[in-house]
Amino acid sequence: MTDLKQQLTTYHVWDKSVRVFHWINVLCVLALIAVGTAILNAKGLGVSTDGKILLKSVHVYIGYVFSLNLAWRLIWGFIGNRYARWSAIIPFNTQHRAQISAMMIGAKAGTPIGFLGHNPIGRMMVALLFLLLSVQAITGLVLAGTDVYMPPFGNTIKEWVAVDSSTVESIKPYSKEGVDAEAYKEMRDFRKPIVTTHYYVFFVLLAAIFLHLLAVIITEIKEKNGIVSAMFTGKKVFANKPFDSGL
Ligand code: HEM
């Protein structure tokens, strides 16, 4: 009887920063989606004005954790291990094109090529996710100022809409006290494209998260390299030498 057991090699891929970022990000994004959905449906749910302010404030506090975590990961892209770096994430460069060719040759020959970092398709998806998350962080931080006068731009927005400098302190969310009507309208016009972007990117992000999960599950089932457990342990296993192991 032939021994069909294959020799598996374990590789350390995701460093601690990437793994911690990933799971904090998952928790924050889930919470932001849940509270964001409640904000969107506040009217239908019969939420009072104070309730809306509370929902938005909670959304913003979670948003701060989300934005700081994301900012750290964007920096880590310059200093992390080689799989965490932008050079291994940003698509359409020479290295990415070489990965695509190798993947296509492997697929045609019926011998799929393994990748330690993201495979070429995963790489495009991860780059898109970072882009969408960054847009939500930037637009969200501006909206935190225009909507509930929270940092980092809350005081600047208060000064913008105040009747004069003596009324700045009295300005509260959803109240007209101390607010100059014309300046307030100007501010609302300024925020319109920002809230529209935050709103539409939310739906694009939902679709991208769904595709990301689907792709991870399919890759795990087909390639069996332990990509799900790798986000906990950092390690992947391969029977054949992965394409990017000798970079
Ligand atoms: C993955 C990240 C995020 C998602 C999925 C998300 C989702 C949403 C959704 C669905 C809404 C309701 C949109 C609307 O009312 O038209 C909303 C509103 C809002 N978000 Fe976010 N958000 C994210 C990140 C952030 C961040 C980082 C902040 C700030 C720190 C933030 C601040 C706000 C504010 C202030 C509003 C109220 C805007 C308004 O209704 O006028 N969001 N968000």
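Values in this document were obtained by computation on a predicted structure and should not be read as measured data. Atoms within each ligand, like the ligands themselves, are counted from 1 in listed order.
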Considering only the protein, which heavy-atom contact is closest to [atom], and what is its distance?
atom                    : answer
atom 28 (C) of ligand 1 : Gly140 CA, 3.4 Å
atom 41 (O) of ligand 1 : Arg191 NH2, 2.2 Å
atom 40 (O) of ligand 1 : Lys56 NZ, 3.3 Å
atom 5 (C) of ligand 1  : Phe202 CD1, 3.6 Å
atom 9 (C) of ligand 1  : Gly36 CA, 3.6 Å
atom 13 (C) of ligand 1 : Leu40 CD2, 3.9 Å
atom 25 (C) of ligand 1 : His198 CE1, 3.5 Å
atom 1 (C) of ligand 1  : Leu205 CD2, 3.5 Å

Centroid separation [X] to [Y] less than 6.0 Å:
X      : Y      : value
Phe130 : Trp86  : yes
Tyr199 : Phe203 : yes
Phe232 : Trp23  : yes

> Between Thr37 and ligand 1, is there a nitrogen or oxygen pair with a distance under 3.5 Å?
Replying inline: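 Min N/O separation from ligand 1 is not below 3.5 Å for Thr37.
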
>> Is there a polar contact between ligand 1 and His59, counting only N or O atoms under 3.5 Å apart?
In response: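 Yes; the residue has a nitrogen or oxygen that sits under 3.5 Å from a nitrogen or oxygen of the ligand.
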
> Given side chains that start at C-beta, do those of Ser134 and Leu70 come closer than 4.5 Å, heavy atoms only?
Replying inline: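 With C-beta onward as the side chain, the pair touches.
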
Which ligand 1 atoms does [X] reach within 4.0 Å, using its non-hydrogen atoms?
X      : value
Val60  : 30 (C), 35 (C)
Tyr199 : 16 (O)
Leu141 : 29 (C), 30 (C)
Ser67  : 27 (C)
Ala144 : 35 (C)
Gly63  : 26 (C), 27 (C), 30 (C)

> Which atoms form the tightest heavy-atom contact between Ala98 and Phe243, and what is the distance?
Replying inline: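 Minimum heavy-atom separation between Ala98 and Phe243: O-CZ, 3.8 Å.
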
Do you see a donor-acceptor pair shorter than 3.5 Å between the side chains of [X] and [Y]?
X      : Y      : answer
Tyr61  : Lys56  : no
Trp14  : Asn81  : no
Asp164 : Ser166 : yes

>> For Met231, is there any backbone N or O sitting under 3.5 Å from a side-chain donor or acceptor partner on Arg19?
In response: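 Not a single qualifying donor-acceptor pair exists.
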
> Less than 4.0 Å between a side-chain N and a carboxylate O, is that true for Arg82 and Asp244?
Replying inline: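 No.
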
